[in-house]
Each structure stands twice: as C-alpha cells, then as structure tokens.
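Please read all numbers here as calculations on a predicted model, not as lab measurements. Just so you know, ligand 1 is whichever comes first in the structure, and atom 1 is the first atom listed for that ligand.
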Amino acid sequence: MKAITLNDFGGIDKLLITELALPEFLENEVLIEVKAISINPVDVRTRSGIAMADHLKHNSPLILGWDISGIVSNIGTKVSKFRIGDAVFGMVNFLGHGKGYAEFVAAPENHIAHKPLNISHEEAAAATLAALTAWQLLFHYAKLKPGDRILIQAASGGVGHYAVQIAKYLGAYVIGISSAKNKNFVLGLGADEHIAYDEHRFEDVVSEVDFVLDAFAKDSLYQSLKVVKNGGTILSLLPMISEDVLQKAKEKNVDVHYALVKSNGSDMEAIAALLEKGVLKSYVSKSFPFDKMGEAHLEMETGKTVGKIIVKP
Ligand SMILES: NC(=O)c1ccc[n+]([C@@H]2O[C@H](COP(=O)([O-])OP(=O)(O)OC[C@H]3O[C@@H](n4cnc5c(N)ncnc54)[C@H](OP(=O)(O)O)[C@@H]3O)[C@@H](O)[C@H]2O)c1
C-alpha cells in the first residue's frame, strides 16, 4: 500500500509517498481501506517538530494522521461491532500513532463508528478530531444546556464550525467570532450573533457569557476573562495558560479548562447519530489528492481554513 511517511521533522518536503506492507492488526482491531483523510493543525505542527513530535519521534516509519473514513477490509478475531464491507469513520489512536496518511489503517474497534449512509466519506472523515473536540468539551465537560450563552472563537474553522452546531443542538445561545468574510457562514451554522474580529475587539461588544471556547490561549485568554461572567468557564483549545491567567481566573471564580481530545468510539457514535439526523453537518472547503498532501498542509498552515480540509488516497 501507499503511505505518506515522515522521515524527519520539518517542511512539507519531509512528507514522502512510500510503498509499505499492509498494516498488521490486533484481535480487537479492524483494517480499514481509507477513502478520505482529514487534516488538522496538530498534523502540521507535528510535521514541523512540535505538538506530538516528541511523543512520536521513536516510531519508524512515522506516519502522520488520525482522522479517517473508509471501508472495513478485514477484522480481528475479537471484533464484534463491525463486519468486512462496513463503512466506518473515526479518530484513530489519538494521542498515539494513528498512521492515518495511508491507503490502509488498523484501528481499534472502540475508536470508530459506522459512517452514516447520508454523508460522504469526505464529510465523515471531517467529523472526527474536530467534531470530537467540540463534543467532548461542550457535551461532556461544559454540559451546555438551554439558556447558556457561549462565545466561540474561530467559529468558521474545523473545531469552531462543529462547536457552533453542537452548542445550538444543546440549546445554548451562540456568539461566533471569525473575520467579516465568514460572517454568513457562521450565521448559517446557526449562531445567534456574529462578531467580526477584523472590525471589533470582541471584549468591547460582548460580556457576561457563561462559556468561552478559546482557540488561541496566551493573550486571548485575557480577552476571554473580560467577557466571561463570574463563575463561568473558559474552555481553552490550547495548553498555553499562564500562572497570571490562572490567578486572575481564580479571583473571578472562573474555571479555565484545557484538555486534549481523545479517541472514543461512543462519542463517535453520538456524532454519527447527529450527522445522520442532519443536526450536524461537515463543511469541506477543500479536497486534495494523496500526492498533494504537502499542499493540504500549506493550506492548513494559513490559519484561514473554513470548515475542514480533506485528502483522498
Ligand atoms: N485541545 C484539543 O484537543 C484540540 C483539538 C483540536 C484543535 N485544537 C486546537 O484548536 C485550534 C483551532 O483548531 P481548528 O482545527 O479549528 O483550526 P482551524 O480550522 O485552522 O481554524 C481556522 C479558523 O480560525 C479562524 N480565525 C483565525 N484567526 C482568528 C481570530 N483572531 N479570531 C477568530 N477566528 C479566527 C479563521 O477564520 P477567518 O478565516 O475568518 O479568519 C478560520 O476559519 C488550533 O490551535 C488547534 O491546534 C485543539
């Protein structure tokens, strides 16, 4: 099979198409013939030598990627939920070595779910790491409920566009932030209000929210602290939270929570159910062929991705 290996950390020239043997799979794993892969900021940061690089550097060959959709082509002896021929999707082995940039991927059965029939492999591959992040933060941690007001930064991006839809599904009042050019996209996802960060500082036009989904950490957390109400919660997508921020949050009785998304088949089933009902939709803005993985990385690096970027083996 073809896979894209990373022989060294650095630029996109380090992504090499390589011929490899089919992956071996364990008794609790399925072998998936991959139809679509989605790309995340963590992919490009790891490629460049940060994010998961330290964690993965001892693997050889190292294959980036966690988000896939495809067809089950073989199953381990203890697999009970899936059969050969099933269409499945999921985020495989995150925080580990997902090996998603390949024509075939071995995945634990408790990391994946059946792909809804009404969506494409591209739309399914998109709704994995980014959708899981939004689901795990908003449903499990924040336990959003009707009447809650949430401010969502980067509402037009991978995580943000699912977060807006999930927050609305859970009954919250949603204020989404993006540049002005993506206003209609964010409102079209169901946001009640939009703030253009290139026209306003959001802390000048919003206040007293129950939750902020903070996509940038560092300085952004100071702005988030200004708009969250006493006793509220900041859900940080990034770990850069200074002692000073934590101290100021404590004074305001604000919970600043950071967590990394984790592979979880039950959560994938919940996301599959929402996709099937049409409550949740993936927006795929760009699709690249397998041999243009580098271009997909460059696109992701712009920080301007609307929805998700897909690569097709
Ligand atoms: N903790 C976790 O487990 C976890 C999981 C997933 C992602 N993350 C992190 O969360 C962050 C977001 O991930 P993602 O996949 O959603 O990224 P993404 O898809 O690259 O986000 C791109 C979006 O960000 C918007 N944006 C850029 N600058 C902005 C600003 N100043 N204010 C508001 N929006 C802005 C852009 O909108 P415009 O084009 O309109 O500017 C674009 O639509 C990344 O840093 C990622 O590493 C963490």
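The CE atom of Met240 lies 10.5 Å from the CG atom of Asp219; values are rounded to the nearest 0.5 Å.
Those atoms of ligand 1 with a heavy atom of Val261 less than 4.0 angstrom away are 2 (C), 3 (O). Less than 4.0 angstrom separates some heavy atom of Gly157 from each of these atoms of ligand 1: 16 (O), 19 (O), 21 (O), 22 (C), 23 (C), 43 (O). Atoms of ligand 1 lying under 4.0 Å from any heavy atom of Ser178, numbered from 1 in the order shown and given with element: 40 (O). Against a heavy-atom cut-off of under 4.0 Å, Thr133 is close to the following atoms of ligand 1: 4 (C), 5 (C), 6 (C). Distances below 4.0 Å separate heavy atoms of Lys181 from the following atoms of ligand 1: 39 (O). Numbered from 1 in the order shown, with element, the atoms of ligand 1 that lie under 4.0 Å from a heavy atom of Tyr258 read 1 (N). Of all the atoms in ligand 1, the ones that sit under 4.0 Å from a non-hydrogen atom of Arg45 are 44 (C), 45 (O), 46 (C), 47 (O). Below 4.0 Å from some heavy atom of Leu129 lie the following atoms of ligand 1, by number and element: 5 (C), 6 (C).
Residues Ala102 and Ile37 approach most closely at N-CD1, 4.2 Å, considering heavy atoms.
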Decide yes or no on side chain to side chain contact (heavy atoms under 4.5 Å, CB included) for Ile119 and Ser282, but give the supporting numbers first. CA-CA 9 Å; Ile119 65 168; Ser282 293; 5.7 Å; no

Gln153 vs Ser224, side chain to side chain donor-acceptor pair (under 3.5 Å): CA-CA, chis, key distance, verdict: CA-CA 10 Å; Gln153 299 179 357; Ser224 295; 3.3 Å; yes

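Residue-to-ligand polar distances place Tyr197 within reach of ligand 1: an N/O pair is separated by less than 3.5 Å. Among the atoms of Ser156, some N or O lies under 3.5 angstrom from an N or O of ligand 1. Considering both main-chain and side-chain atoms, Val159 comes within under 3.5 Å of ligand 1 through a nitrogen or oxygen pair. Looking at Gly158 next to ligand 1, an N or O pair under 3.5 Å apart turns up.
In this structure, Ala259 counts as a contact residue of ligand 1, since one of its heavy atoms falls inside 4.0 Å of the ligand. Distances shorter than 4.0 angstrom do not occur between any heavy atom of Phe202 and any atom of ligand 1. Ligand 1 has at least one atom lying under 4.0 Å from a heavy atom of Met300. Within the structure, ligand 1 has Ala215 among the residues with a heavy atom less than 4.0 angstrom away.
Contacts of Ala155 with ligand 1, taken as heavy-atom pairs under 4.0 Å, are absent altogether. With a heavy-atom cut-off of 4.0 Å, Leu238 touches ligand 1 through its side chain alone. Heavy atoms of Asn182 found under 4.0 angstrom from ligand 1 belong exclusively to the side chain.
We find that Asp244 and Lys248 are joined by a salt bridge, their nearest charged nitrogen and carboxylate oxygen being less than 4.0 Å apart.
The environment of CD in Glu24 is sparse: at most 12 heavy-atom neighbours from other residues, nucleotides or ligands sit within 6.0 Å.
Looking at Asp198, Thr305, Leu237, Thr302 and measuring to atom 12 (C) of ligand 1, the nearest heavy atom belongs to Leu237. Evaluated by nearest non-hydrogen atom to atom 17 (O) of ligand 1, the leading choice among Pro41, Ala163, Ser179 is Pro41.
Under the 3.5 Å distance criterion, with hydrogens and angles disregarded, a donor-acceptor pair is assigned to the side chains of Glu251 and Gln247.
Residues Ile310 and Leu275 do not share a hydrophobic cluster, defined by chaining ILVMFWY side chains whose heavy atoms lie under 4.5 Å apart.
The only member of Met293, Met52, Lys99, His297 that meets side-chain contact (heavy atoms from CB on, under 4.5 Å) when paired with Leu64 is His297.
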